[in-house]
Amino acid sequence: MTDSFNLAGKIFNSRLIIGTGKYRSFAEMQAAHAASGAEMVTVAVNRVPLDRAVESFLDYLNPQMQILPNTAGCYDAEHAIRTARLAREALETDWIKLEVIGDKVTLLPDNEQTLEAARVLVKEGFIVMPYFSDDLIMAKKLLDIGCACVMPLAAPIGSGLGVQNPANLKIMREQLPDAVIIVDAGVGVPSDAAIAMELGADAILMNTAIAEAREAAQMAEAMKLAVQAGRLAYLSGRMPKRLYASASSPIEGAIK
């Protein structure tokens, strides 16, 4: 299936974005990345030695993948802005997944601090991809200031709960038909990924669901196929829901 999408002027053939954390070994991470078919990988800037002084997962990334630094671990706009600047200098990329957490227990995002940081980073030329709550109004504000896409959560980070509010994602897709919407956080199994794509997401970013699977590479392949199936289903247009039965075989012309 070839169904590419454009993000900040770059074409991606895979609609699955993958992470680097929680894998049991670098070899396992490499195998999962290969099986996923992903063309973009996110890296937590605050959790890796950017000077390459010691071995890290950076040494095991496919150089053909678009690296997407993220500001995980930041709890205010100022910290997120500093982290993004550090990432640009160390990793030589303007791409940044903006993540500003508002609560240490739930890891839910602070939308206001995210918006504040995004304003600064967009003005500095960053390609900003903000993670935020599934809030339509905040999505519009982030897009209005120049963010390259919006990344609403499906459920709390690492929870594996799946899409908890499909109505919000569906409304966001209908109200923002031209925006790139990437569902981030909460996917646990391939059916969750398929549902998110069926609701109209352009792509999905996931990490824990693959990294914590018993067979990470197998789960990565399953997620790849689920994303493709969900996208194809969205493009196909689902049948209408009906309160009553509707016979699969019409009775007109039936033998009496």
Give, for atom CE of M151 and atom OH of Y131, the distance between the pair rounded to the nearest 0.5 Å. 10.0 Å

Do you know the tightest heavy-atom contact between P190 and A222? CG-CB, 3.7 Å

Q113 versus Y75: any side-chain heavy-atom pair under 4.5 Å? no

With rounding to the nearest 0.5 angstrom, report the CG to CZ distance, L142 to R119. 9.0 Å

V150 reachable from M138 in the ILVMFWY side-chain graph, under 4.5 Å edges: yes

Closest approach of I204 to A193 (non-hydrogen atoms, all atoms of both residues): CD1-O, 3.3 Å

More than 12 foreign heavy atoms under 6.0 Å from NZ of K170: is that the case here? no

With a 4.5 Å heavy-atom cut-off, do L58 and I67 have their side chains touching? yes

For a side chain to side chain contact (heavy atoms under 4.5 Å, CB included) check, start with the C-alpha distance between E212 and K22, then their side-chain angles and the critical distance, and finish with the verdict. CA-CA 7 Å; E212 291 191 353; K22 300 184 179 180; 3.5 Å; yes

K224 atom NZ, neighbour heavy-atom count above 12 within 6.0 Å: yes

Are the side chains of I157 and I101 in contact, using a 4.5 Å heavy-atom criterion? yes

Any side-chain heavy-atom pair of L107 and D103 under 4.5 Å: no

With a 4.5 Å cut-off on side-chain heavy atoms, are I81 and L121 touching? yes

Are I195 and L169 in one and the same hydrophobic cluster, where Ile, Leu, Val, Met, Phe, Trp and Tyr link if side-chain heavy atoms are under 4.5 Å apart? yes

Apply salt bridge (charged side-chain N to carboxylate O under 4.0 Å, His left out) to the pair E78 and R82, showing each step before the final yes or no. CA-CA 6 Å; E78 184 180 354; R82 289 201 312 270; 3.5 Å; yes

Using atom types as modelled and distance alone, determine if a side-chain donor or acceptor of T71 lies under 3.5 Å from a backbone N or O of E99. yes

Carboxylate-amine/guanidinium contact E198 R231, below 4.0 Å: no

When hydrophobic residues are tied together by side-chain contacts of less than 4.5 Å, even through go-betweens, does I181 share a cluster with I145? yes

Should I18 and M29 be marked as a side chain to side chain contact (heavy atoms under 4.5 Å, CB included) after you check the CA-CA gap, both sets of side-chain angles, and the distance that decides it? CA-CA 10 Å; I18 201 164; M29 183 195 75; over 6 Å; no

Under 3.5 Å, is there a donor-acceptor pair between the side chain of N111 and the main chain of F132? no

Check whether R15 reaches the backbone of S4 with its side chain - one donor and one acceptor, N or O, closer than 3.5 Å. yes

If I compare all heavy atoms of M219 with all of A213, which pair ends up nearest, and what's the gap? CB-CB, 3.6 Å

List the steps, then state whether side chain to side chain contact (heavy atoms under 4.5 Å, CB included) holds for K140 with L136. CA-CA 6 Å; K140 290 181 176 180; L136 173 65; 4.0 Å; yes

N/O donor-acceptor pair under 3.5 Å between N207 side chain and T20 backbone: yes

Rounding to 0.5 Å, atoms CE (M172) and CD1 (I137) come to a distance of 9.5 Å

Do D192 side-chain atoms and V189 backbone N/O form a donor-acceptor pair below 3.5 Å? yes

Passes ring-ring contact (aromatic ring centres under 6.0 Å, His included), F57 versus F26? Steps please. CA-CA 6 Å; F57 59 76; F26 296 141; 7.2 Å; no

Indicate yes or no: at least one non-hydrogen side-chain atom of H33 is less than 4.5 angstrom from one of N62. no

Tell me, with the steps shown, if Q66 and L7 meet side chain to side chain contact (heavy atoms under 4.5 Å, CB included). CA-CA 11 Å; Q66 169 68 52; L7 180 57; over 6 Å; no

Provide the closest heavy-atom pair for A148 versus I127 in the form atom of the first, atom of the second, distance. CB-CG2, 3.7 Å

Would you check if the side chain of S36 reaches a backbone N or O of A38 as a donor-acceptor pair within less than 3.5 Å? yes

Single-linkage hydrophobic cluster, 4.5 Å side-chain cutoff, V45 and V43 together: yes

Taking side chain as C-beta onward, heavy atoms only, is Q30 less than 4.5 Å from Y23? no

Determine whether a donor-acceptor pair (N or O, by modelled atom type, separation under 3.5 Å) exists between the side chain of S25 and the backbone of E28. yes

So which heavy atom on V180 is nearest to which on N6, and how close? CG2-O, 3.7 Å

Taking the side chain as every heavy atom from C-beta outward, state whether D184 and K97 have any pair of such atoms under 4.5 Å apart. yes

If you take all heavy atoms of M223 and A209, which pair is closest and at what distance? CE-CB, 3.7 Å

Return yes when atom CD of E112 has more than 12 non-hydrogen atoms of other residues, nucleotides or ligands closer than 6.0 Å, and no otherwise. no

With rounding to the nearest 0.5 Å, note down the distance linking CG in L16 to CD in E39. 10.0 Å

Whether T114 side chain and D110 backbone form a donor-acceptor pair below 3.5 Å: yes

Carboxylate-amine/guanidinium contact E92 R88, below 4.0 Å: no

Got a salt bridge between D202 and R173, using NZ or NE/NH1/NH2 to carboxylate O under 4.0 Å? yes

Gap between atom OG1 of T42 and atom CD1 of I17 - 0.5 Å precision: 8.5 Å

Can any side-chain N or O of N46 pair as donor or acceptor with the backbone N or O of A72 at less than 3.5 Å? yes

Between the CG atom in N168 and the CG atom in D135, the distance rounded to the nearest 0.5 Å is 7.5 Å

Cluster overlap W95 with L61, hydrophobic side-chain contacts below 4.5 Å: no

